Amino acid sequence: MSILRAVKGMNDVLPEDIPRWRRIEGLFWDTVARYGYGEVRTPVVEPTPLFVRSIGEATDIVEKEMYTFVDKGNDTLTLRPEGTASAVRAYLEHSVGGREPVTKWAYLGPMFRRERPARGRYRQFWQAGAEVFGDPGPYTDAEMIDMIVSMMRRLGVADVEVLVNSLGSGDTRARYLEALVRYLEPHEASLSEDSRRRLRTNPLRVLDSKAADDRAIAAAAPRILDYLGDEDRAHFDGLCATLEALGTPYRVEPTLVRGLDYYSRTLFEVVGHGGELGAQNTLCGGGRYDGLVEALGGAATPGLGFAIGLERLLLVMGAGETAPALDVFVVYRPGLEREASTLLKALRDGGLRADADLRGGSLKSQFRRADKSGARLGLVIGPDEVERAAVTVKDLRGGEQETLPRDGLVPRLAERLARETA
RNA sequence: GUGGCCGUAGCUCAGGGGUAGAGCACUGGAUUGUGGCUCCGGGAGUCGCGGGUUCAAAUCCCGUCGGUCACCCCA
């Protein structure tokens, strides 16, 4: 394993790409703040059993994708493969439910899954997500979906589709699973190997199969929406009606299942259609997990959450414009390094983003660097300027320049830059 | 995890047994203290890595690592 190569499926983000990331992050935080969420930060490692018990023993994530290791104290730990389990753990550990009836948390950070990497799918990938504890919905469910869609719109991601489904709860699920297995069993011989296995371990997932034969069988399978009990039905209808009231386009997708065991009732996915996405076109996934908090040892508390894959969003979001990193670039004649340094300090202390090439070199080469830096203004210091206690200020877009007194220069420039950007 | 395709300069790529190339990028210059356009010059590559075949391998063979596509799955 080369030490000069990032671990497979894990990536560096270099400064030139950071503005796009910042745009997403900034918009995410701005959006969730508008909806009343507070930020939560949890560790990237948790005790392995937390994930096994929340995500589910028979899921792909737990079965084959976790980065699990034994630390020096002999504890078995896992790099978090998703954010909900940690959020629930923190919610319980700090007894948050006892202090407030409804809790709205948002988070942004790296997640880890050992899968075969591909475009839009990495072993360390970034998710921005949110959780709501204590609100049974369905209005919050609709609000959350609407929040995600409007955020994507603001990012310039237009071509998206919202898929929703309900997995019901308790009785509904039991009755449906029975009907589903009864339907699938006669077709068992025609199912793919994976689906045959899932028929035993997690029959719902058979609906999720992309294999052509499986799809045909799944298409004719009984639909969970036809099995919803009265309360589940009312919940789902309430979700749909609220989405319509909010003007959020959506499509009911009865075979939408998703790979985590903890979901109940509302389930949704936002898929993109940009050619950049390839087969990994799920931009966001989420749903309701009303049983999870209790299953992990807390009081019965409804839960709802989603996560957006940032790398995928990056593939489909609009280019946007990026502001140059510098306001001014100082250019000086050899021998005037001290003057250049003190001018730079004054500019920076005055709140301007200023730089220079302190290696010196010809004015020509310094100006070339000034140009490449994207700075708005070039400041020139030569013997003439020093003698007159002045600085020559050149507009690097137009080219016109004037010599201004050094005294009062910094606030003057700050004002000029502020005026021109406004 | 299975199968296909691809790895040559920082980037995009040509070269498919006989001395490693182009464009862009980087860098120096085109007379005195001025960038962008143009012109001239310069630096830069263990041809992903390891093994094999051969007088000779970037080129052929095997393995391996990485990327990518499909499957699988998901964000």
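Quantities reported herein were computed from a predicted structural model and do not represent experimental measurements. Reminder, nothing fancy here: chain letters follow the sequence lines and each chain counts from 1.
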message = Tell me which residues in residues 47-68 of chain A lie within less than 4.0 Å of RNA chain B, going by non-hydrogen atoms.
response = A/D60, A/E65

Under 3.5 Å donor-acceptor pair, A/R369 side-chain atoms to B/rC26 base atoms = no

inquiry  = Check this one for me: any side-chain N or O of A/R114 less than 4.0 Å away from OP1 or OP2 of B/rG1?
reply    = yes

query = With a 4.0 Å cut-off on heavy atoms, is A/G129 in touch with a base, just the backbone sugar-phosphate, or nothing at all?
reply = nothing

ask   = Which distance, rounded to the nearest 0.5 Å, do you find between the CD of A/Q366 and the CG of A/D371?
value = 13.5 Å

Complementary nucleotide of B/rC60, counting Watson-Crick and G-U pairs under 3.5 Å = B/rG52

task = Not counting sequence neighbours, which residues clear ring-ring contact (aromatic ring centres under 6.0 Å, His included) with A/F69? List them please.
result = none

request  = Identify which one of A/R369, A/K345, A/R348 satisfies the salt bridge (Lys or Arg N to Asp or Glu O under 4.0 Å) criterion when paired with A/D355.
outcome  = A/R348

remark   = Applying ring-ring contact (aromatic ring centres under 6.0 Å, His included) to A/Y107 and not counting sequence neighbours gives none

query = Taking syn as any angle within 90 degrees of 0 and anti as the rest, which one fits B/rG16?
reply = syn

Spacing of the C1' atoms in B/rC62 and B/rC24 (rounded, Å) = 37 Å

ask   = Has the side chain of A/K104 got a donor or acceptor atom that lies under 3.5 Å from a matching backbone atom of A/Y35?
value = yes

ask   = Is it true that a side-chain atom of A/R312 and a backbone atom of A/T282 form a donor plus acceptor pair closer than 3.5 Å?
value = yes

key: Interatomic distance at C1', B/rU46 relative to B/rU38, whole Å   = 38 Å

key: Separation of the P atoms in B/rG52 and B/rU59, to the nearest angstrom   = 14 Å

Whole-angstrom distance between B/rG66 and B/rU8, as gauged at atom C1' = 15 Å

ask   = Between B/rC60 and B/rC5, how far is it from one P atom to the other, in whole Å?
value = 14 Å

Sub-3.5 Å pairs of nitrogen or oxygen atoms, protein against nucleotides 38-48 of chain B:
none

ask   = In whole Å, what separates the P atom of B/rG18 from that of B/rG23?
value = 23 Å

ask   = If pairing requires Watson-Crick or G-U wobble contacts with both distances under 3.5 Å, which nucleotide is the partner of B/rU19?
value = none

task = In whole angstrom, give me the gap between the P atoms of B/rG63 and B/rU2.
result = 14 Å

request  = Please work out if A/G399 contacts a base, only the sugar-phosphate, or nothing of the nucleic acid, heavy-atom cut-off 4.0 Å.
outcome  = base

query = Side-chain N or O of A/K372 less than 4.0 angstrom from OP1 or OP2 on B/rU27?
reply = yes

task = Report which part of the nucleic acid A/A118 touches: base, sugar-phosphate, or nothing (heavy-atom distance under 4.0 Å, all strands).
result = sugar-phosphate

request  = Both distances under 3.5 Å, Watson-Crick or G-U wobble: report the partner of B/rG1, or none.
outcome  = B/rC71

request  = Using salt bridge (charged side-chain N to carboxylate O under 4.0 Å, His left out) as the criterion, list what pairs up with A/D17, not counting sequence neighbours.
outcome  = none

Who pairs with B/rG35 - Watson-Crick or G-U, where each distance is under 3.5 Å = none

query = Relative to the 5' end of RNA chain B, which residue comes earlier, A/E82 or A/N11, by the nucleotide with the nearest heavy atom?
reply = A/N11

B/rG36 base / A/D371 side chain donor-acceptor hit below 3.5 Å = no

inquiry  = Donor-acceptor check, side chain of A/R251 to backbone of A/V162, threshold 3.5 angstrom: yes or no?
reply    = no

Whole-angstrom distance between B/rG7 and B/rG16, as gauged at atom P = 13 Å

task = Answer with base, sugar-phosphate or nothing: what part of the nucleic acid does A/L283 contact at a heavy-atom distance below 4.0 Å?
result = sugar-phosphate

query = For the side chain of A/R333 and the backbone of A/P383, is there at least one donor-acceptor N/O pair under 3.5 Å apart?
reply = no

What N/O pairs connect the protein and nucleotides 28-33 of chain B at under 3.5 Å? Give each pair on its own line.
| from | atom 1 | to | atom 2 | distance (Å) |
| --- | --- | --- | --- | --- |
| B/rG33 | OP1 | A/R333 | NH1 | 2.6 |
| B/rG33 | OP1 | A/R333 | NH2 | 2.6 |
| B/rG33 | OP2 | A/R333 | NH1 | 3.4 |
| B/rG33 | O6 | A/D384 | N | 3.0 |
| B/rG33 | O6 | A/D384 | OD1 | 3.2 |
| B/rG33 | O6 | A/D384 | OD2 | 2.6 |
| B/rG33 | O6 | A/E385 | OE1 | 3.3 |
| B/rG33 | N1 | A/E385 | OE1 | 2.8 |
| B/rG33 | N1 | A/E385 | OE2 | 3.1 |
| B/rG33 | N2 | A/E385 | OE2 | 3.0 |

request  = Would you please name every residue forming a side-chain contact (heavy atoms from CB on, under 4.5 Å) with A/T76, sequence neighbours left out?
outcome  = A/T48, A/T68, A/V70

remark   = Hits for ring-ring contact (aromatic ring centres under 6.0 Å, His included) against A/Y250, two or more places apart or cross-chain, chain-then-number order -> none

ask   = Side chain of A/Y332, backbone of A/L379: donor and acceptor closer than 3.5 Å?
value = no

query = If you measure from CG on A/D232 to OG on A/S169, what distance do you get to the nearest 0.5 Å?
reply = 3.5 Å

message = For B/rG45, give the paired nucleotide (Watson-Crick: N1-N3 plus N6-O4 or O6-N4; G-U: N1-O2 and O6-N3; both under 3.5 Å), or none.
response = none

Using nucleotides 11-13 of chain B, report all nitrogen or oxygen pairs with the protein that are shorter than 3.5 Å.
none

task = Just call it for A/G9: base, sugar-phosphate, or nothing, with non-hydrogen atoms closer than 4.0 Å on any strand.
result = sugar-phosphate

message = On RNA chain B, does the nearest nucleotide to A/Q127 precede the nearest nucleotide to A/A6 from the 5' side, or the other way round? Give the residue.
response = A/A6

request  = Output all residues satisfying ring-ring contact (aromatic ring centres under 6.0 Å, His included) with A/Y176, sequence neighbours left out; order by chain, then residue number.
outcome  = A/Y227

query = Quick one: is B/rC74 close enough that its OP1 or OP2 comes under 4.0 Å of any side-chain N or O from A/R205?
reply = yes

query = Will you find, in the side chains of A/T42 and A/R89, an N or O donor that is under 3.5 Å from an N or O acceptor?
reply = no

request  = Sort and list the pairs that fulfil salt bridge (charged side-chain N to carboxylate O under 4.0 Å, His left out) and have at least one residue in residues 378-394 of chain A, not counting sequence neighbours.
outcome  = none

request  = Please state whether the phosphate of B/rG66, meaning OP1 or OP2, lies under 4.0 angstrom from any side-chain nitrogen or oxygen of A/K8.
outcome  = yes

message = Let's test this: given Watson-Crick or G-U wobble pairing with both distances under 3.5 Å, identify the partner of B/rC24.
response = B/rG10

key: Candidates B/rG66, B/rC74, B/rU68 - which lies nearest the side chain of A/R119   = B/rU68

query = Restricting to pairs with a member in residues 398-409 of chain A, which pass side-chain hydrogen bond (donor to acceptor under 3.5 Å, both in side chains), not counting sequence neighbours?
reply = A/T392-A/T403

